Amino acid sequence: MKLTIIGTGYVGLVTGACFAEVGHRVVCVDNDAAKVKTLQEGGIPIYEPGLDELVTKNTASGRLEFTVSTAEGVAKSDVVFIAVPTPPQPDGSVDLSFIEKVAREIAGAMTSYKIIVDKSTVPVKTGDKVAETIKRYCKAQVDFDVVSNPEFLREGFAVEDLMKPDRVVIGVRSQRPVAAMREIFEQFNAPIVVTDINSAELIKHASNSFLALKISYINAISVLCEAAGANVQEVAAGMGMDTRIGRRFLNAGLGFGGSCFPKDLSAFIKIAEQVGLDFRLLKEVQRINAGQMDRFIKKITDTVWVLKDKKLGVLGLAFKQNTDDVRQSPAIELCQRLQKEGASLRVHDPKAMDKARAVLTGVTFVDDMNDVAEGCDALVVATEWDEFKKLDLDRARRALSHPIMFDGRNLFDPAEMEQRGWIYKSVGR
Ligand code: NAD
């Protein structure tokens with residue numbers, strides 16, 4: 001099928017590449033001319049495992065192309081996906097101006113029937129607004145359908161998640177676009193949930209809020225574990241074997257961050273507020289999440305005492321492993337708070353150094369993780385990169401003035417660390 005995706009970011013680019021990979025012809029549109037130029041010249045503006053190969057292969061085959069022109073994208077396709085940002089406003093509600101602008105642009109360019117699919121995460125009832133806007137701004141007065149198709153990919157595993165989704169949600173107002181939507185996703189062999197648009201939009205916010213809740217739940221348990229001398233990982237393992245609960249997302253640590261969970265949670269609280277529901281459960285999820293960072297910093301100052309004039313080595317800047325994304329990264333927040341207390345920092349991340357340079361100033365960026373500890377008073381693990389488990393611990397111990405490690409992601413075994421001579425503090429153990 002001929003598909004267009006407007007917004008070529010983490011969601012749009014990976015979706016475009018995966019659609020092309022299963023045989024569709026895809027036009028990816030972005031209004032960031034520099035990004036489009038990079039893509040046209042064979043560069044990839046984001047890091048996502050496996051994405052480089054997919055984009056290169058499908059661009060070469062002519063199934064994937066890039067442009068800055070929404071009009072060109074709309075002209076070339078029957079189905080137009082919207083994957084632009086839906087950032088939070090200061091009060092927590094969603095800024096829908098990107099969606100509204102794209103809806104107007106699509107409307108202005110339509111000369112025949114189109115299916116307009118919203119992939120961005122939006123508040124319930126946004127589909128209605130998109131439909132109204134398109135109707136209002138479509139000069140040609142052609143027919144169209146608006147569909148909701150929320151995206152559930154995890155950054156760091158985006159290609160895998162798109163190629164093998166747990167489910168595909170399709171929200172429609174009539175049956176007319178259903179066959180085309182099924183055809184688009186046929187090759188992905190996933191269960192397809194066809195529902196109304198409002199339910200589809202709610203599925204996304206309800207899912208992300210639930211996952212955030214699961215993380216805060218285990219983080220609250222980690223506080224209990226520390227007080228009781230229990231081990232949160234053992235507790236999570238025991239709980240997770242119950243198939244009604246499941247082990248995933250039961251990882252205690254510095255708390256969740258990233259461009260989705262914090263904003264989707266605040267958005268959902270606002271959405272509930274607008275219909276008169278005070279969603280206090282989710283407010284508590286936010287409170288516990290913020291508390292994890294405070295408690296971790298206290299753990300550092302309890303041991304190191306005054307941070308002024310101390311040098312700390314920080315491993316990890318991305319908001320989680322396998323990505324270069326630092327948007328709302330707990331690791332960045334931690335660095336900034338430690339800096340505020342007067343600490344100087346040596347930092348390293350396997351993939352996120354370039355993006356971190358734009359938001360983190362006054363730190364020393366270190367290329368090799370094994371050099372981070374050089375001349376530091378303590379080491380801090382802030383992101384759960386697997387490769388940090390391969391850190392040369394003996395070398396790090398020698399490089400530090402004292403062998404102290406604060407592990408915000410529980411990457412190492414406490415007993416083993418102690419045996420190797422470390423003062424080792426982790427979360428909930
Ligand atoms: P992003 O910032 O990485 O990408 C968005 C892109 O849209 C940018 O490249 C931007 O230049 C482009 N853009 C903005 N306005 C435009 C316009 N008028 N015309 C053309 N292009 C335009 O954002 P993202 O992370 O891909 O997120 C997009 C949406 O998907 C958001 O609603 C987000 O909540 C949702 N989502 C994100 C993820 C994720 O893991 N990143 C997962 C699921 C859902």
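This structure is a prediction, so every number in the text was calculated from the model and none was measured.
For the salt bridge (charged side-chain N to carboxylate O under 4.0 Å, His left out) test, residues two or more places apart in sequence or in another chain that qualify with Asp325 are Arg327. Residues forming a ring pair (Phe, Tyr, Trp, His ring centres under 6.0 Å) with Phe268 (at least two apart in sequence, or on another chain): His205, Phe279. Scanning for side chain to side chain donor-acceptor pair (under 3.5 Å) contacts around Asp367 gives an empty result, with sequence neighbours left out. Applying the salt bridge (charged side-chain N to carboxylate O under 4.0 Å, His left out) rule to Asp386 yields the partners Lys389; only residues at least two apart in sequence or on another chain are considered. Residues satisfying the side chain to side chain donor-acceptor pair (under 3.5 Å) test with Glu333, not counting sequence neighbours, are Arg337. Applying the salt bridge (charged side-chain N to carboxylate O under 4.0 Å, His left out) test to Glu284 and every residue at least two apart in sequence or in another chain returns Arg287. Applying the salt bridge (charged side-chain N to carboxylate O under 4.0 Å, His left out) rule to Glu100 yields the partners Arg104; only residues at least two apart in sequence or on another chain are considered. By the side chain to side chain donor-acceptor pair (under 3.5 Å) test, Arg247 pairs with Asn251, sequence neighbours left out.
Under the side chain to side chain donor-acceptor pair (under 3.5 Å) criterion, the residue pairs touching residues 185-196 are Asp196-Ser199, with sequence neighbours excluded. Sorted by first then second residue, the ring-ring contact (aromatic ring centres under 6.0 Å, His included) pairs that include residues 78-108, not counting sequence neighbours, are Phe19-Phe81. Sorted by first and then second residue, the ring-ring contact (aromatic ring centres under 6.0 Å, His included) pairs involving residues 130-158 (not counting sequence neighbours) form an empty list. Screening residues 60-77 for side chain to side chain donor-acceptor pair (under 3.5 Å) gives Thr4-Ser77, Asn58-Arg63, Glu65-Lys76, Thr67-Glu72, Thr70-Glu105, Glu72-Lys76 as the qualifying pairs, with residues at least two apart or on separate chains.
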